[in-house]
Amino acid sequence: MKILVIEDDQRVAELIQRGLTEHGFIPTLAYDGLSGKKLALNNQYDLIITDIILPKLDGLDLCKEIRQIKPDLPIIMLTALGTTNDKVEGFDAGADDYLTKPFEMRELLVRIRALLKRSNNTINNIGFILKYADLEMNLQTKNVVRNKTEINLTPKEFKLLEYMLQNSERVLSRTEIAEKVWDTLFDTGTNFIDVYINYLRKKIDKNFDKKLIHTRSGMGFILKAE
């Protein structure tokens, strides 16, 4: 598995490189955003690890540009910025996971393996179309339509709604959503899942008579026509 590491701190980059190599991965290093972008777009990688604060092109803009060309390439962001707003900004840019510095190599490896496993899974017997009530999602074209109205979602909003559609009429806890959609442990000190649920509500429910996304106090969230 080939992994591109974009990190301007040479010491950190080489530590990650050594850890990846020891566990059978083939890492390539880039020390600024422009070099990382060129490598990412001109070569085939299984996953990208990038810092946010980078010279020449920051990690958020880098992620957005990669996503335009390679929408399914897994991306993990590494940063010292760990507030809920920072995480939301990273996910909105297209990151699949977000790891706050300092971190342990074994945690990074767990997240890498989880993302690689998910990205290598082909669409199974659920088919290409997910439907609930008047809401429809096409897993091939990435289109979402409700009552003949097309809805534009960010990549992370799409993944969250996909999981809710696959588990409609079942209460999903924040912990489960964090593990299944973000491949991470839920941090009770942040509310990024609630933030994304609210994003979905504004797009899925706001302009329609019947609400589909509901909160179950103390338990989580449910997709249900009530």
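- Counting only heavy atoms from C-beta outward, the side chains of Lys37 and Glu65 approach each other to under 4.5 Å.
- You'll find the side chain of Lys142 stays beyond 4.5 Å of the side chain of Asn138, heavy atoms only.
- The NZ atom of Lys70 sits 8.5 Å away from atom OH of Tyr45, with the distance rounded to the nearest 0.5 Å.
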Query raised in the report: Do Leu160 and Ile193 pass the side-chain contact (heavy atoms from CB on, under 4.5 Å) test, and can you show the C-alpha distance, the side-chain angles, and the key distance before you say yes or no?
Result: CA-CA 9 Å; Leu160 175 56; Ile193 291 175; 5.8 Å; no
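- Side chains of Asn147 and Thr149: no donor on one and acceptor on the other come within 3.5 Å.
- For the pair Asp58 (side chain) and Leu54 (backbone), a donor-acceptor distance under 3.5 Å is absent.
- Using a 4.5 Å heavy-atom cutoff, the side chains of Asp46 and Leu116 are in contact.
- Atom CG of residue Leu29 and atom CG of residue Asp8 lie 12.0 Å apart, to the nearest 0.5 angstrom.
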Requested in this report: Any chance you could lay out the side-chain contact (heavy atoms from CB on, under 4.5 Å) test for Leu172 and Asn167, step after step, and finish with the verdict?
Outcome: CA-CA 8 Å; Leu172 305 174; Asn167 295 273; 3.9 Å; yes
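- One side chain, Arg201 or Thr215, offers a donor N or O that lies under 3.5 Å from an acceptor on the other.
- By the 4.5 Å heavy-atom criterion applied to side chains, Leu115 and Ile76 are counted as neighbours.
- We find that Asp51 and Lys101 are joined by a salt bridge, their nearest charged nitrogen and carboxylate oxygen being less than 4.0 Å apart.
- A pairwise comparison of heavy atoms in Ile16 and Met105 identifies O-CE, 3.8 Å as the closest pair.
- Remark: the backbone N or O of Leu73 is paired with a side-chain donor or acceptor of Arg67 at under 3.5 angstrom.
- Of the possible donor and acceptor atoms, none in the side chain of Asp61 sits under 3.5 Å from a partner among the backbone N and O of Leu57.
- Not a single donor-acceptor pair under 3.5 Å links the side chain of Asp97 to the backbone N or O of Met77.
- The heavy-atom pair separating Gly33 from Leu62 by the smallest distance is O-CD1, 3.7 Å.
- Taking every heavy atom of both residues into account, Glu169 and Ile222 meet most closely at C-CD1, 3.5 Å.
- Rounded to the nearest 0.5 angstrom, Arg170 CZ and Glu176 CD are separated by 4.0 Å.
- Of the inter-residue distances, the one linking Phe158 atom CZ with Leu165 atom CG reads 9.0 Å to the nearest 0.5 angstrom.
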Query raised in the report: Can you list the steps and then say if Ile112 with Val110 is a side-chain contact (heavy atoms from CB on, under 4.5 Å)?
Result: CA-CA 5 Å; Ile112 288 171; Val110 166; over 6 Å; no
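- Using a 4.5 Å heavy-atom threshold, the side chains of Leu135 and Leu130 count as separate.
- At a threshold of 4.5 Å between side-chain heavy atoms, the hydrophobic network of Ile, Leu, Val, Met, Phe, Trp and Tyr places Leu60 and Val88 in one connected group.
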Requested in this report: Go through the steps for Leu139 and Ile129 under the test side-chain contact (heavy atoms from CB on, under 4.5 Å), then give the verdict.
Outcome: CA-CA 6 Å; Leu139 298 176; Ile129 304 295; over 6 Å; no
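- Remark: Lys202 NZ to Ile213 CD1 distance equals 12.5 Å, nearest 0.5 Å.
- Ion pairing between Lys131 and Glu136 holds under the 4.0 Å rule for side-chain N and carboxylate O.
- When all heavy atoms of Cys63 and Ala93 are compared, the pair lying nearest together is SG-O, 3.5 Å.
- Taking all atoms of both residues into account, the shortest heavy-atom contact from Leu20 to Pro27 is CD1-CB, 3.9 Å.
- Aromatic ring centres of Trp182 and Phe91 lie closer together than 6.0 Å.
- Listed for the Lys156 side chain is a donor-acceptor partner under 3.5 Å among the backbone atoms of Asp96.
- Side-chain atoms of Lys2 and Leu47, non-hydrogen and from C-beta on, never get closer than 4.5 Å to each other.
- Between His23 atom NE2 and Met1 atom CE the span is 15.5 Å, to the nearest 0.5 Å.
- Seen from the ring of Phe208, Arg146 counts as a face-on cation partner, given the 6.0 Å and 45° thresholds.
- For residues 14-29, the set of pairs meeting the salt bridge (Lys or Arg N to Asp or Glu O under 4.0 Å) definition, not counting sequence neighbours, is empty.
- At distances below 3.5 Å, not a single donor-acceptor pair connects side-chain atoms of Ser35 with backbone N or O atoms of Tyr31.
- Remark: Arg106 engages Glu104 in a side chain to side chain contact (heavy atoms under 4.5 Å, CB included) (not counting sequence neighbours).
- Nearest heavy atom pair, residue Ile66 against residue Ala40, reads CD1-CB, 3.8 Å.
- Residue-environment remark: CG (Leu34) exceeds the threshold of 12 foreign heavy atoms within 6.0 Å.
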Requested in this report: Give the intermediate values and the outcome of salt bridge (charged side-chain N to carboxylate O under 4.0 Å, His left out) for residues Asp92 and Lys64.
Outcome: CA-CA 9 Å; Asp92 280 347; Lys64 292 175 183 177; over 6 Å; no
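- Applying the ring-ring contact (aromatic ring centres under 6.0 Å, His included) rule to Tyr199 yields the partners Tyr196; only residues at least two apart in sequence or on another chain are considered.
- Under the side-chain contact (heavy atoms from CB on, under 4.5 Å) test applied with Ile49, the options Ile6, Leu99, Leu78 reduce to a single match, Leu78.
- In this structure, the side chains of Leu212 and Lys224 stay at 4.5 Å or more apart for every pair of heavy atoms.
- Counting only distance, with no hydrogens or angles, the side chain of Lys211 and the backbone of Asp205 share a donor-acceptor pair below 3.5 Å.
- Using a 4.5 Å heavy-atom cutoff, the side chains of Glu7 and Thr50 are not in contact.
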